[in-house]
Amino acid sequence: MMNPCNAYILTFIITAIWDVVLRKMSENFERLPTFFQFDFVRYLQPYFHKHTLLAAALIAGFVGSTTQVIILQLHPFPTTQKTLLSFMLTTFIVSALYGFLIKFSGLFPHLVETYYKNLGTPRSMYLDGVSGIIVQTTMLGIYQIMNKK
């Protein structure tokens with residue numbers, strides 16, 4: 001089982017790195033293969049214009065790690081296939097709902113004015129949930145690799 005503090009730190013790092021990947025995709029949107037030209041990536045362009053690479057990555061890392069705090073309070077780190085499924089479901093729901101905290105806290109006005117405004121509520125909830133799943137899958141993969149040593 002992963003120590004919660006390690007999970008928060010690893011989540012911060014993974015989320016920040018995925019944010020850099022999304023930034024690079026949005027900056028090179030026209031050069032991406034058509035398969036990767038998702039409209040939500042384009043919607044990130046004005047947000048990334050307002051923040052430096054480091055600032056946006058730090059914001060994403062903060063959001064990811066604070067979301068992980070809530071997730072791990074509701075569900076322990078998965079140890080079996082059965083708990084993996086419920087962990088991922090919890091992750092999706094908490095991540096989808098966390099967008100409301102982002103919107104209503106007033107802490108992330110550029111994200112709300114650009115990305116969330118263009119997506120609308122249902123789509124932003126879905127994509128936030130998927131984002132949580134991507135981060136957890138990455139973290140669980142790293143955890144598996146670290147435990148095979």
Side-chain angles (χ1 to χ4, degrees), residues 1-29 31-48 51 53-103 105 107-108 110-112 114-148:
M1 187 166 136
M2 183 178 282
N3 174 323
C5 286
N6 291 343
Y8 306 146
I9 293 166
L10 188 55
T11 301
F12 184 97
I13 293 166
I14 291 167
T15 309
I17 290 170
W18 275 117
D19 188 76
V20 171
V21 169
L22 283 171
R23 181 189 194 101
K24 292 303 175 187
M25 288 176 69
S26 76
E27 289 173 348
N28 297 289
F29 187 80
R31 289 184 274 185
L32 290 173
T34 307
F35 178 77
F36 290 109
Q37 289 185 355
F38 305 112
D39 60 346
F40 76 88
V41 174
R42 191 171 20 89
Y43 294 159
L44 286 166
Q45 289 173 340
Y47 170 73
F48 286 132
H51 291 291
L53 181 117
L54 180 59
L58 290 173
I59 290 167
F62 172 80
V63 168
S65 61
T66 56
T67 305
Q68 188 74 279
V69 170
I70 297 168
I71 293 165
L72 291 178
Q73 291 297 312
L74 296 173
H75 194 293
F77 198 72
T79 54
T80 66
Q81 288 293 94
K82 185 178 179 180
T83 60
L84 175 62
L85 182 60
S86 59
F87 181 71
M88 288 302 200
L89 181 60
T90 302
T91 293
F92 183 87
I93 292 168
V94 171
S95 298
L97 294 174
Y98 199 88
F100 288 107
L101 287 174
I102 290 172
K103 291 175 195 172
S105 70
L107 295 174
F108 309 100
H110 298 306
L111 191 58
V112 173
T114 57
Y115 181 68
Y116 281 115
K117 182 179 177 183
N118 285 322
L119 285 175
T121 300
R123 186 118 187 274
S124 67
M125 289 178 70
Y126 171 75
L127 289 171
D128 285 344
V130 170
S131 175
I133 296 293
I134 291 169
V135 169
Q136 294 293 37
T137 302
T138 305
M139 185 174 74
L140 290 168
I142 291 169
Y143 180 73
Q144 288 295 321
I145 291 167
M146 290 170 47
N147 279 340
K148 290 197 181 210

Write down the atom of A7, the atom of L72, and the distance for their closest heavy-atom approach. CB-CD1, 3.8 Å
Atom pair CG/CG of D39 and L44 - distance to nearest 0.5 Å: 10.0 Å
What distance do N147 atom CG and I142 atom CD1 have between them, rounded to the nearest 0.5 Å? 12.0 Å
Would a distance-only check, ignoring hydrogens and angles, find a side-chain to backbone donor-acceptor pair under 3.5 Å from Q68 to Y8? no
Would you check if L10 and Y143 make a side-chain contact, meaning some heavy-atom pair closer than 4.5 Å? no
Using every non-hydrogen atom in the two residues, find where M139 and F77 come nearest and quote the distance to one decimal. CE-CE1, 3.5 Å
Check whether any side-chain heavy atom of V130 lies under 4.5 Å from a side-chain heavy atom of I134, and answer yes or no. yes
Within this structure, what is the OG-CG distance for the pair S124 and N118, rounded to the nearest 0.5 Å? 11.0 Å
Which heavy atom of S26 sits nearest a heavy atom of V41, and at what distance? CB-O, 3.3 Å
Would you call the rings of H51 and H110 parallel, tilted or perpendicular, taking 30° and 60° as the class edges? perpendicular
Does any part of the side chain of T137, heavy atoms only, come nearer than 4.5 Å to the side chain of M88, both counted from C-beta? yes
Decide side chain to side chain contact (heavy atoms under 4.5 Å, CB included) for K117 and Y43; before the verdict, give the C-alpha distance in whole Å, the side-chain angles of both, and the deciding distance to 0.1 Å. CA-CA 9 Å; K117 182 179 177 183; Y43 294 159; over 6 Å; no
Side-chain donor or acceptor of T15 paired with backbone N/O of F12 under 3.5 Å: no
Run the numbers on F38 and F29 for side chain to side chain contact (heavy atoms under 4.5 Å, CB included), then give the verdict. CA-CA 9 Å; F38 305 112; F29 187 80; 5.6 Å; no
Over all heavy atoms of both residues, which pair between V112 and K103 is shortest? Give the atoms and the distance, please. CG2-CA, 3.6 Å
Return yes if some donor-acceptor pair links the side-chain N/O of S131 with the main-chain N/O of L127 below 3.5 Å, else return no. no
Reported CD1-to-CD distance for the pair I14 and Q136, which is rounded to 0.5 angstrom: 8.5 Å
Measuring only between side-chain heavy atoms, which start at C-beta, is L74 closer than 4.5 Å to I93? no
Does Y126, at its OH atom, have more than 12 non-hydrogen atoms belonging to other residues, nucleotides or ligands within less than 6.0 Å? no
Indicate yes or no: at least one non-hydrogen side-chain atom of F48 is less than 4.5 angstrom from one of T114. no
With no hydrogens and no angle check, is any side-chain donor or acceptor of S95 less than 3.5 Å from a backbone partner on F92? no
Find the distance between OH (Y98) and OG1 (T91) and round it off to the nearest 0.5 Å. 14.0 Å
Look up atom CZ in F108 and atom OH in Y47, then write down how far apart they are to the nearest 0.5 Å. 7.5 Å
Evaluate side-chain hydrogen bond (donor to acceptor under 3.5 Å, both in side chains) for Y116 paired with D128, printing each intermediate quantity in order. CA-CA 10 Å; Y116 281 115; D128 285 344; 2.7 Å; yes
